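Before any comments, here is the structure.
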Protein chains: 2
Amino acid sequence: MTRASERAVGALRELILHGDFPAGARLGEVELAERLGVSRTPVREALARLSAEGLVEIAPNRGARVTSWTVGELEAVFELRAALEPRLTALAVPRAATADGDALDDLAERMVRVGRPGPDQDLDALVPLNREFHGRLVALADHPAMATALAGAVHAPIVLRNFHTYDPASLRRSLAHHVEIVAALRAGDPTWAAAVMTAHIHNARAVMVRAARHAQEGA
Amino acid sequence: MTRASERAVGALRELILHGDFPAGARLGEVELAERLGVSRTPVREALARLSAEGLVEIAPNRGARVTSWTVGELEAVFELRAALEPRLTALAVPRAATADGDALDDLAERMVRVGRPGPDQDLDALVPLNREFHGRLVALADHPAMATALAGAVHAPIVLRNFHTYDPASLRRSLAHHVEIVAALRAGDPTWAAAVMTAHIHNARAVMVRAARHAQEGA
DNA sequence: CCAGCGAAGATTGTGTGCAACTTAAGATCG
DNA sequence: CGATCTTAAGTTGCACACAATCTTCGCTGG
């Protein structure tokens, strides 16, 4: 059997990312321990690790909560992504083999199909595909320092259930960016790829900030 | 009394940064527990947190070791710093009050005095001053996302006991950079400050990479 | 002599009990 | 009636014990 703390980390991360625990929700240790079928010890370790990832916040003697983001913090996260992810994309270009391009192309195409308005549209299916796309790109860059620095930042938009907040034009742009990044990668042009990634992130930033502002005022 | 795990994190971080545990050294839990006067539980938590900071590496069922850096990883860390720290510096400029400029000026001047060749030179004294200087700049930027992303990277050079590896010309440049950054900050010019910070990091990178190469070949 | 195997020792992973702290409700006093 | 103190319930922090895993050393066989 795999390690209990390992399972706890994965399970809890999925629960949070999937929205079972909304932002700000309290994460009691005994509650999680029962739910995950382990004792409090691995739960504590899982919370500590997710805290390092930025998914939960731990207040001493007061327990853990799912991280909640102010508009300002959300903008800050996108600034960080804008600083790092284009660089990683550029690094990935010369390292990509043909097969990597094929895999990314497949992902980008599937996202376009699933994201296109109509009866087949499934915005929830976009989330894992998007994670996979960006994850593969980061892996190709083969730059652990930047990858870990980025890791804490990428979860924030996901927690906000992002694709439902995209307006049609922004969503179309976002999906087109993926396709264009693959094209730039296949053309072996890191500057092109990085530029599209920059645009991609700024587009996402605009969507998320608008949504967060709206949610904040609406509440 | 303050929390045991908190003390353990701080104490262990200082021990590693101070060089009591060389890179690659094994960190047995019972050994640390006895040394720090706590039980294994807070030690494990401390190791987990320092692992998130990048100071130690944990292998499942095989314990923790002080992170050791290959030349390639070291270069990667400096790439990350080059991507983030100039931005943070630029952000810090408009937020700095006169008192902040004074404090940074004081630090920069003390570093110049302590770093100047002669009987008063004390390269070990530079380490905490340098940490404080960069730390204050990061704090001024008031950008938690970037700050935490950077946190893991800044330790690496310190672990390598850096200032002893500087040749006189590079050291002089490095100390001059600090002074110039303060000047740019006082002039309210973020572009200037960011540019000097970029140069500062590239200068450090050249020194560290050369030293790491030398150490690797010498061993 | 070397490779592979096996058992003992050591170390990490997990469960559980108790102490310390936080928090919220109720009582007491102004 | 409102504010503050008290108290009790619940939760986290820590220590310790046991289980699982890894490592090392010795042994056997080729």
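Remember, predicted model here, so these are calculated numbers, not experimental data. Each chain gets a letter, A, B and so on, in the order its sequence line appears, and its residues count up from 1.
At a threshold of 4.0 Å, the pair B/Arg62-B/Glu57 does not count as salt-bridged, since none of the basic side-chain nitrogens sits closer than that to a carboxylate oxygen.
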For residues 18-30 of chain B, which side-chain donor-acceptor pairs fall under 3.5 Å, sequence neighbours excluded?
residue: B/His18; atom: ND1; partner: B/Asp20; partner atom: OD1; Å: 3.0
residue: B/Glu29; atom: OE1; partner: B/Arg40; partner atom: NE; Å: 3.0
residue: B/Glu29; atom: OE1; partner: B/Arg40; partner atom: NH2; Å: 3.0
residue: B/Glu29; atom: OE2; partner: B/Arg44; partner atom: NH1; Å: 2.8

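Between A/Arg49 atom CZ and C/dG13 atom C1' there is a gap of 13 Å when expressed in whole angstrom units. Rounded to an integer number of Å, the gap from A/Arg7 CZ to C/dG15 C1' is 14 Å. What separates CD1 of B/Ile58 from P of C/dG13 is a distance of 8 Å, to the nearest Å. Taking atom CD of residue A/Glu34 and atom C1' of nucleotide C/dT16, one finds them 14 Å apart after rounding to whole Å. For the pair A/Glu29 CD and C/dG15 P, the interatomic distance rounds to 13 Å; values are reported in whole Å. The CZ atom of A/Arg65 sits 14 Å away from the C1' atom of D/dT12 (whole-angstrom rounding).
Contact check, A/Arg62 against D/dT11: no side-chain N or O comes under 4.0 Å of OP1 or OP2.
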Task: Contact state string [nucleotides 14-20 of chain D, B base, S sugar-phosphate only, - no protein heavy atom under 4.0 Å] - done: SBBB---

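Between A/His134 and A/His200, the angle of the ring planes stays under 30°, which puts this pair in the parallel group of the 30/60° scheme.
Each of D/dC22, D/dT12, C/dT12 was ranked by its minimum atom distance to the side chain of B/Arg26; first place goes to C/dT12.
Applying side-chain contact (heavy atoms from CB on, under 4.5 Å) to A/Thr165 and the options A/Leu171, A/Leu123, A/Val207 leaves one that passes, A/Val207.
A/Pro94 and A/Leu91 make their closest contact through CD-O, 3.3 Å (heavy atoms, listed as atom of the first residue, atom of the second, distance). In terms of heavy atoms, A/Ala82 sits closest to A/His202 at CB-NE2, 3.9 Å. Residues A/Ala153 and A/Val77 share a closest heavy-atom pair of O-CG1, 3.2 Å. Taking every heavy atom of both residues into account, B/Pro128 and B/Asp124 meet most closely at CD-O, 3.3 Å.
One end of the helix from C/dC1-D/dG30 to C/dG30-D/dC1 points its axis 10° away from the other end's axis, with each axis taken from 5 pairs and the angle rounded to 10°.
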